[in-house]
K.L.:
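One structure, as structure tokens, below. Some questions next.
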Amino acid sequence: MSSCLVAPPWPCSSMAEVRQHHSLLLRLGLSTDNYAMSRILTFCSLSNHGDINYALKLFTTLPNPDTFVYNTLFKAFFICDSPSLSLLFYSHMLQRSLTPNSFTFPSLVRACKLQQEVKQLHAHVLKFGFGADTFTLNNLIHAYFAFGSLDDARRVFYTIPNPNVVSWTSLVSGYSQLGLVDEAFHVFELMPSKNGVSWNAMIACFVKNNRFREAFDLFRKMRVEEVEVDRFVAATMLSACTGVGALEQGKWIHGCVERNGIVLDSKLGTAIVDMYCKCGCLDKAFRVFCRLEVKGASSWNCMIGGFAMHGRGEDAIRLFREMEEEGVVVPDDITFVNVLTACAHSGLVEEGFFYFRYMVDVHGIEPNKEHYGCMVDLLARAGRLEEAKKVIYEMPMSPDAAVLGALLGACRIHGNLVLGEEVGKRVIELDPGNSGRYVTLGNIYARCGKWEQVAGVRKLMNDRGVKKEPGFSMIEMEGMVNEFVAGGRDHPLAEAIYAKVHEMLEAIRVVGYVPDTDDVLHDLVEEEKENPLFYHSEKLAIAYGLLKTKRGETLRVTKNLRVCKDCHQASKLISKVYDCDIIIRDRNRFHHFSNGECSCKDYW
DNA sequence: TTAGGGTTAG
């Protein structure tokens with residue numbers, strides 16, 4: 001009997017259906033027919049509703065599997081990330097004297113976990129005559145880039161007789177992965193033809209490397225060329241808006257998703273939620289979150305993290321409980337990082353301890369360094385420095401700079417010179433290229449009036465060639481992102497902005513503002529040291545915001561570093577005097593200033 | 001007679 005007569009209708013939708021067809025085929029005596037069995041195998045191996053173990057069992061019953069059967073398994077092994085099985089089966093295939101075809105190598109090379117394996121397979125690609133096969137070579141480019149082998153990847157590209165748009169885009173995204181943004185852009189401009197994927201790869205490259213302005217510019221150009229905004233570009237641009245806190249543009253992309261009827265899958269939905277969280281619109285984020293039809297673990301994690309960042313610890317915990325009750329997705333390690341962060345940022349020490357144990361006892365998740373870091377942060381922020389030290393001492397792995405950094409940060413908050421000095425020196429040795437560590441130690445010294453030590457830290461930085469990461473603040477106005485650096489005068493309205501800063505400072509002095517120089521790593525004499533403080537980037541951004549908005553409107557500022565104590569105090573008073581809400585997102589969290597108070601309750 | 005590649009959130 002011809003096997004095509006009994007091929008099951010395609011596609012199957014469940015394993016139950018597949019099992020029925022399988023038993024039918026067995027009854028018809030087709031158990032050794034590769035073609036008939038391949039249809040079953042393909043569903044089990046590749047469908048979301050399949051079952052790879054069933055596929056493997058079926059495979060063992062085939063007396064003479066052919067190349068097609070092997071190719072199907074290679075693809076499955078690539079998808080489920082089982083590189084060792086791929087290579088094992090490949091050698092079986094060769095032992096059976098089966099010849100690879102053009103479908104064999106793409107999945108095989110992509111599954112490799114060692115560069116050496118890619119090289120060996122590359123040799124086989126040439127030996128079996130696929131040295132001019134575009135599909136195979138495109139995948140080799142990918143495989144080489146995954147190991148950072150730029151030269152190998154490029155060499156492969158130049159051997160492709162007729163590189164197609166996929167070849168070119170693979171090159172762009174490879175450069176992007178390696179952080180070679182200018183090279184990626186150069187390739188992008190050389191491309192003979194581009195499609196939506198290519199545009200997205202290039203925009204994503206800018207976003208990933210924090211070159212947001214260029215991402216926005218390229219997106220604009222893409223729209224001028226009438227390239228359709230699909231779910232990928234939308235997600236990438238949302239991430240750009242998230243990066244700079246560009247709420248208006250983020251809203252526009254969200255609207256675009258709705259207008260174009262783009263289906264909200266879990267990733268895109270999460271990107272929208274994340275954008276609203278990180279642009280300071282927590283309630284809007286929550287409304288979108290609640291309406292998401294597909295919520296992955298990341299969607300929950302993102303929303304819980306959003307509450308955490310905004311200092312709404314109780315809401316974060318409540319949402320975590322809902323996640324458990326709904327029971328569709330299980331909490332993972334990131335969920336608990338966010339729950340613990342929420343506790344730390346809201347001073348919920350006992351709750352933090354509870355969930356740390358709960359994670360292990362109920363969910364069987366062993367704490368990793370990040371979880372220990374959260375516990376150190378939780379205790380140390382609350383002033384329980386000795387207990388924080390004990391956590392570090394007792395953790396099973398050696399503490400890294402991030403864990404010790406949490407303790408160091410708390411020493412700064414609580415002005416603990418002795419511990420701060422000890423921890424600060426250790427952190428700097430663990431993370432010598434990170435300017436933030438030096439600055440924090442310097443601030444601890446400065447707060448205690450230890451100017452000689454402040455100078456010592458500064459000298460150490462200079463000697464090692466470590467530059468202080470320049471602080472900048474961004475504020476979006478009329479759809480444009482305005483960027484300010486401390487003391488900068490590049491803005492076209494610089495004069496008016498500085499005049500506004502002076503007006504602001506005068507106005508808050510009346511209600512008791514006294515400059516706070518604790519956080520300034522400086523070498524100026526006492527009476528001069530107020531000045532640089534007045535022109536910190538967040539003050540310039542706020543002044544610009546006040547200039548451009550009506551009284552009472554909310555100002556949203558994004559800062560790349562932690563907001564300093566003086567700017568924090570000044571922002572509180574500005575919110576009161578100017579009767580406006582100011583929302584500042586700093587490196588760690590959000591500060592909502594309203595009527596002279598901050599949502600962080602000065603606990604940051 | 002069976003099938004492919006490059007892009008997106010946390």
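It should be emphasised that the depicted structure is a prediction, and the values quoted were computed from it without experimental measurement. In what follows, every heavy atom counts, from backbone to side chain, and hydrogens, waters and symmetry copies are set aside. Every chain is numbered from 1, with letters handed out A, B, ... down the list of sequences.
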K.L.:
Table please: side-chain donor-acceptor pairs of residues 50-58 of chain A below 3.5 Å, with sequence neighbours left out.
P.N.:
{"from": "D51(A)", "atom 1": "OD1", "to": "N53(A)", "atom 2": "N", "distance (Å)": "3.0"}
{"from": "D51(A)", "atom 1": "OD1", "to": "Y54(A)", "atom 2": "N", "distance (Å)": "3.4"}
{"from": "Y54(A)", "atom 1": "OH", "to": "H22(A)", "atom 2": "ND1", "distance (Å)": "2.7"}

K.L.:
Of all residues at least two apart in sequence or in a different chain, which pass the side chain to side chain contact (heavy atoms under 4.5 Å, CB included) check with S167(A)?
P.N.:
T134(A), N138(A), F157(A), I160(A), P163(A), N164(A)
K.L.:
Identify, residue by residue, the members of residues 148-182 of chain A with a heavy atom below 4.0 Å from DNA chain B, and return them in order of residue number, or none.
P.N.:
N164(A), V165(A), V166(A), T169(A), S170(A)
K.L.:
Could you give the OH-to-P distance, from Y276(A) to dA9(B), as a whole number of Å?
P.N.:
18 Å
K.L.:
Output the rounded distance in Å from CG (N209(A)) to P (dT7(B)).
P.N.:
16 Å
K.L.:
Check ring-ring contact (aromatic ring centres under 6.0 Å, His included) between F216(A) and all other residues, then give those that pass, not counting sequence neighbours.
P.N.:
none
K.L.:
Tell me every residue that passes side chain to side chain contact (heavy atoms under 4.5 Å, CB included) with K119(A), counting only those two or more places apart in sequence or in another chain.
P.N.:
Q115(A), Q116(A), Y144(A), D152(A)
K.L.:
Please report the distance, rounded to the nearest Å, between CZ in F105(A) and P in dA3(B).
P.N.:
20 Å
K.L.:
Among all residues two or more places apart in sequence or in another chain, which pass the side chain to side chain contact (heavy atoms under 4.5 Å, CB included) test with N200(A)?
P.N.:
F232(A), V233(A), T236(A)
K.L.:
Mind checking what makes ring-ring contact (aromatic ring centres under 6.0 Å, His included) contact with H371(A), not counting sequence neighbours?
P.N.:
none
K.L.:
Tell me whether the OP1 or OP2 atom of dG4(B) has a side-chain N or O from R110(A) closer than 4.0 Å.
P.N.:
no
K.L.:
Name every residue in residues 68-76 of chain A that has at least one heavy atom under 4.0 Å from any atom of DNA chain B, in order of residue number, or write none if there are no such residues.
P.N.:
F68(A), N71(A), K75(A)
K.L.:
Over how many whole Å does the gap from L108(A) atom CG to dG5(B) atom P extend?
P.N.:
15 Å
K.L.:
Can you measure F43(A) atom CZ to dA3(B) atom C1' for me and round it to whole angstrom units?
P.N.:
16 Å
K.L.:
Considering only residues two or more places apart or on different chains, which pairs with a residue in residues 281-306 of chain A satisfy salt bridge (charged side-chain N to carboxylate O under 4.0 Å, His left out)?
P.N.:
D283(A)-R312(A)
K.L.:
Which ones in residues 129-145 of chain A lie close to DNA chain B, meaning a heavy atom under 4.0 Å from one of its atoms?
P.N.:
T134(A), F135(A), N138(A), H142(A)
K.L.:
Could you tell me whether D332(A) contacts a base, only the sugar-phosphate backbone, or nothing, with contacts defined as non-hydrogen atoms closer than 4.0 Å?
P.N.:
nothing
K.L.:
Contact class for S198(A) vs. all strands (heavy atom < 4.0 Å): base, sugar-phosphate, or nothing?
P.N.:
base
K.L.:
Taking the ring centre of each residue, are Y355(A) and F336(A) less than 6.0 Å apart?
P.N.:
no
K.L.:
Using a 4.0 Å heavy-atom cut-off, does N195(A) contact any base of the nucleic acid, only the sugar-phosphate backbone, or nothing at all?
P.N.:
base
K.L.:
Once you round it to whole Å, what is the distance between P of dG10(B) and NZ of K295(A)?
P.N.:
18 Å
K.L.:
Please list all pairs meeting salt bridge (charged side-chain N to carboxylate O under 4.0 Å, His left out) that have one or both residues in residues 70-81 of chain A, counting only residues at least two apart or in different chains.
P.N.:
D81(A)-K113(A)
K.L.:
Output yes when at least one side-chain N/O atom of K208(A) is less than 4.0 Å from OP1 or OP2 of dT7(B), else no.
P.N.:
no
K.L.:
Mark yes or no for whether S346(A), through its side chain, and C343(A), through its backbone, hold a donor-acceptor pair below 3.5 Å.
P.N.:
no
K.L.:
Tell me the interatomic distance from L268(A), atom CG, to dG10(B), atom C1', rounded to whole angstroms.
P.N.:
14 Å
K.L.:
If you take atom types as modelled and just measure distance, does the side chain of Y35(A) reach the base of dT1(B) with a donor-acceptor pair under 3.5 Å?
P.N.:
yes
K.L.:
In this structure, is the centre-to-centre distance between the rings of F206(A) and F185(A) below 6.0 Å?
P.N.:
yes
K.L.:
Taking any heavy-atom pair under 4.0 Å as a contact, classify N101(A): base, sugar-phosphate, or nothing.
P.N.:
base
K.L.:
Applying ring-ring contact (aromatic ring centres under 6.0 Å, His included), can you list everything that pairs with F219(A), at least two apart in sequence or on another chain?
P.N.:
none
K.L.:
In whole angstrom, give the distance that lies between atom CG of N200(A) and atom C1' of dG5(B).
P.N.:
16 Å
